[in-house]
Amino acid sequence: QKEVEQDPGPLSVPEGAIVSLNCTYSNSAFQYFMWYRQYSRKGPELLMYTYSSGNKEDGRFTAQVDKSSKYISLFIRDSQPSDSATYLCAMKGTGGFKTIFGAGTRLFVKA
Amino acid sequence: GAVVSQHPSWVICKSGTSVKIECRSLDFQATTMFWYRQFPKQSLMLMATSNEGSKATYEQGVEKDKFLINHASLTLSTLTVTSAHPEDSSFYICSASLAGGLRDEQFFGPGTRLTVL
């Protein structure tokens, strides 16, 4: 079993739709949870960074962490064609530097 | 702020040659840098972690004699792919982290696409 599971998609939605991206994980030691966006042939850029359980909102993006279920989500409201990219979840425990990445979900937002 | 650059952005080389990729943190000092490789439609695979002034820590299955990592300063790390072969063709991405504090956030470079003929 992989430490982090993420559906690779692709996920195709119309412009303006609400997008839900999810990851599950198995290691209860994970405390920091991140979402990265990666455009084709580019490096990942950090979108959201949360610690432990709860919600965090930044503009059109909302990150949710449910540690009891080992489940994290990223919601994108009013999706735009420019949101078309691969979204990677990532997580790490305390004290160490190794971050574990999900496989990434490819998102296409159609105009 | 927190910009990481990589050079070159792409490189094509002949089998058997060595290729050096540079990773620089432009506006901060990175005590730790990470090297990843990414195959098409797959996630990032950590290759090694390097701390300035010390030997890199390689992940299991990564040949340290083939992928030489040098982290000579707080703003520069290099990855040298020695005696490259076609199976080494991949997208190589570095990231830099400012250790300490609560986040240890990683900032990624734009990646280097290596094609070995």
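All chains are named by letter (A, B, ...) in the order of the sequence lines, taking the proteins before the strands, and each is independently numbered beginning at 1.
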Report yes or no: do [X] and [Y] belong to one cluster of Ile/Leu/Val/Met/Phe/Trp/Tyr joined by side chain heavy-atom distances under 4.5 Å?
| X | Y | value |
| --- | --- | --- |
| B:Trp35 | B:Ile93 | no |
| B:Met45 | A:Leu88 | no |
| B:Val62 | B:Leu79 | yes |

[atom1]/[X]: more than 12 non-hydrogen atoms of other groups inside 6.0 Å:
| X | atom1 | result |
| --- | --- | --- |
| A:Lys67 | NZ | yes |
| A:Arg60 | CZ | yes |
| B:Lys20 | NZ | no |
| B:His85 | NE2 | yes |

Check: Is chain B contacted by the side chain of A:Arg41, its backbone, both, or neither, given a heavy-atom distance below 4.5 Å?
Finding: both
Checklist line | Interface moiety of A:Tyr36 toward chain B, non-hydrogen atoms closer than 4.5 Å | finding: side chain
Note to self: Which heavy atom of B:Leu44 sits nearest to which heavy atom of A:Pro44, and what is that distance?
What the structure shows: CD1-CG, 3.8 Å
Note to self: Looking at every non-hydrogen atom in both residues, tell me the closest pair between A:Gln38 and B:Phe91 and how far apart they are.
What the structure shows: NE2-CE2, 4.1 Å
Checklist line | Nearest-0.5 Å distance, CG of residue B:Leu46 to OG1 of residue A:Thr99 | finding: 8.5 Å
Check: Looking at side-chain heavy atoms only, is the closest gap between B:Gln38 and A:Phe101 below 4.5 Å?
Finding: no
Notebook entry, point to check: Between A:Lys98 and B:Thr57, is any pair of side-chain heavy atoms under 4.5 Å apart?
Noted result: no
Item checked: Between A:Lys42, A:Gln6, A:Glu45, the one whose heavy-atom pairs under 4.5 Å with chain B are most numerous -> A:Lys42
Check: Taking B:Ser43 for the side chain and A:Gly104 for the main chain, is one N or O donor matched with an acceptor at less than 3.5 Å?
Finding: no
